[in-house]
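Below, read A as the first sequence line, B as the second, and so on, with proteins coming before strands; counting in each chain starts at 1.
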Amino acid sequence: MEQPKISRRFFVSISAMAGAFAFIPASVKSAYISAKNLFIPQKRALPLSVSINKKLYKLQQDTRTTLLDLLREELQLTGSKKGCDHGQCGACTVHVDGERVLSCLTLAAMVQGKEVTTIEGLANGDELHPMQKAFVECDGFQCGYCTPGQIMSAVACVKEGHTGSVEEIKEFMSGNLCRCGAYNGIVKSIQQVAQ
Amino acid sequence: MKPFDLLRPSSIAKAISAKQSQVQFLAGGTNLVDLMKKHIATPDALLDVTPILSSQITGSTETLLIGAAVKNSSAAMDKLVLSSYPLIAKAILAGASPQIRNMASTAGNLLQRTRCPYFYDTTLPCNKRNPGEGCGMREGESRMGAIIGHSEHCVAVHPSDLCIALAALDAEVLYTIAGEKKPMVIPFKDFHRLPGDAPEKDNNLPQNALITGVRIPKNPFSKNYAYVKLRDRDSYAFALVSVAAALHLQGDRIVEARLASGGVAHKPWRWYQAENFLKGKIPSAEVFAEAAALAADETNPLVGNAFKKLMLKGAIEVALQNCLTA
């Protein structure tokens with residue numbers, strides 16, 4: 001492969017430009033920065049301490065970060081899924097202080113000092129959570145994309161005691177959509193764990 | 001989202017003094033965060049008020065007080081609500097999903113914006129989003145629109161279920177405002193407003209006021225009540241038409257009736273004419289049908305939602321029947 005050539009002329013002209021830039025008065029530079037800020041708003045950061053799957057995190061986050069983006073993009077906990085990002089599908093369901101919520105509509109700042117549990121925190125080492133086992137045994141999924149949200153919701157559904165009938169399970173699982181239509185297997189999984 | 005500051009005021013007084021038009025209160029966030037993602041709400045700062053607002057439900061023999069930060073699911077499970085104000089729980093459980101009810105606050109529910117598709121789609125005209133732009137739905141796809149109380153500027157409907165029950169039960173909204181020590185009160189029927197020529201305003205809450213709770217007077221409707229919600233799918237959808245009904249029966253007669261609807265107007269709508277008609281009547285299918293017809297006849301549907309009139313009539317009849325078997 002041919003090495004890129006740097007000519008003497010190129011080196012001198014670049015050095016001259018860099019030198020000239022250093023002599024631009026600070027006032028001109030700050031005027032440039034404030035003009036830039038006018039068009040590109042600055043992000044605002046906020047310190048955040050939160051426990052996720054029993055591990056304490058101390059972070060510095062853009063105020064706009066949702067809990068879902070924090071989990072997926074910053075902490076590589078990609079089990080929680082971004083289906084619609086508008087609170088319409090339930091694929092991002094996690095537990096905050098033991099209750100199921102939508103992480104896409106929760107700002108990371110809102111879980112300051114709270115306990116978050118995601119699908120990654122459900123199993124006990126290699127031992128699957130009973131609901132995870134039930135989903136495997138009862139064919140509670142097909143493509144698997146909605147499954148982490150379904151399982152987090154299903155665990156809460158059993159804990160809340162909304163498993164009296166198939167109709168009750170369906171009503172209290174209505175916040176989790178499954179485009180494959182694995183609903184019968186999901187209901188069966190919940191019935192199995194509720195017993 | 002547009003960058004914003006997130007502030008955590010340590011008291012209600014501090015929250016109110018920090019509130020300006022470009023600063024918004026944040027509670028459950030289920031509606032506001034979504035609107036911010038779509039650049040429909042573009043606040044410079046958010047004031048997280050959840051920690052400073054009451055998350056308690058307290059009751060005396062005369063009233064029930066639901067704190068502004070009480071989550072929808074907590075209110076629907078509360079023993080006092082279930083025993084004396086069960087219509088509230090019934091309405092809450094008809095709305096949203098368990099996850100959203102775990103997040104959404106009582107005050108936030110009152111302040112949620114319309115779900116009109118023209119409001120949400122920023123490529124379409126909407127007077128509520130951009131005053132003066134025109135109403136896209138009025139001459140457009142008006143299937144989800146209002147059938148009563150609409151104006152030439154806006155035909156959007158109010159989306160809440162809880163608010164329909166609160167309207168039926170003559171609740172009151174408590175709020176605090178800068179410079180006032182005492183909590184201020186707005187009767188629920190006057191809280192939300194009709195669009196008129198200013199559809200960008202959803203309610204009559206004074207600017208920069210903070211809702212602190214909702215008060216519901218003691219009522220005789222804990223036995224015969226119903227909430228009927230008709231929608232495109234069985235659960236987790238906004239209402240096409242909903243009806244909160246409550247009857248106070250004595251002997252074989254109706255002493256007092258309450259009827260309110262969601263999905264029909266820019267605010268929770270009370271059917272006063274039908275309520276008055278039911279007073280003193282002996283309940284029967286014919287009487288209920290007549291009351292329902294009185295309400296349906298008040299409506300003025302748009303081009304694309306004449307079906308809602310018939311739907312409303314049926315929903316009121318069913319709701320009144322369900323009151324007897326509740």
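Within the 4.5 angstrom heavy-atom criterion, no atom of A:C157 approaches chain B. Both the backbone and the side chain of A:D85 come within contact range of chain B, each with at least one heavy atom under 4.5 Å from a heavy atom of that chain. The contact between B:A27 and chain A is made entirely by backbone atoms, counting heavy-atom distances below 4.5 Å. Both the backbone and the side chain of A:T106 have a heavy atom closer than 4.5 Å to some heavy atom of chain B. For chain B, the nearby parts of A:L102 are the backbone and the side chain; heavy atoms of each come within less than 4.5 Å. With a 4.5 angstrom heavy-atom cutoff, B:L32 does not touch chain A via any of its atoms.
Under 4.0 Å is where a charged nitrogen must lie from a carboxylate oxygen, and between B:K2 and B:D44 at least one such pair does. Checked for salt-bridge contact, A:R44 and A:D62 miss the test: no charged N lies under 4.0 Å from a carboxylate O. Between A:E137 and A:K188 there is no salt bridge, since none of the side-chain N atoms of the basic residue sits less than 4.0 Å from a carboxylate O of the acidic one.
Each of A:N176, A:L105, A:L177 has some count of heavy-atom pairs under 4.5 Å with chain B, and the biggest count is that of A:L105. When A:G90, A:A156, A:C104 are compared by the number of non-hydrogen pairs under 4.5 Å with chain B, A:C104 comes out ahead. Contact tally against chain A (heavy-atom pairs below 4.5 Å) for B:D48, B:T50, B:T30: the top residue is B:T30.
Enclosure of atom CG in B:D234 is not indicated, since only 12 or fewer non-hydrogen atoms of other residues, nucleotides or ligands lie within 6.0 angstrom. In this structure, B:K19 places its NZ atom where more than 12 heavy-atom neighbours from other residues, nucleotides or ligands lie under 6.0 Å away.
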Could you please spell out the steps behind the side-chain contact (heavy atoms from CB on, under 4.5 Å) verdict for A:I186 and A:F135? CA-CA 7 Å; A:I186 294 168; A:F135 266 66; 3.8 Å; yes
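Identified by a heavy-atom distance below 4.5 Å to chain B, the contributing residues of residues 107-128 of chain A are A:L107, A:A109, A:M110, A:Q112, in residue-number order.
When all heavy atoms of A:A134 and A:V193 are compared, the pair lying nearest together is CB-CG2, 3.7 Å.
Distance check, rounded to the nearest 0.5 Å: OG of A:S103 to NZ of A:K81 gives 11.0 Å.
Between the side chain of A:T63 and the backbone N or O of B:F4, at least one donor-acceptor pair lies under 3.5 Å.
Annotation: side chain of A:V96 is in contact with side chain of A:L67 (closest heavy-atom distance under 4.5 Å).
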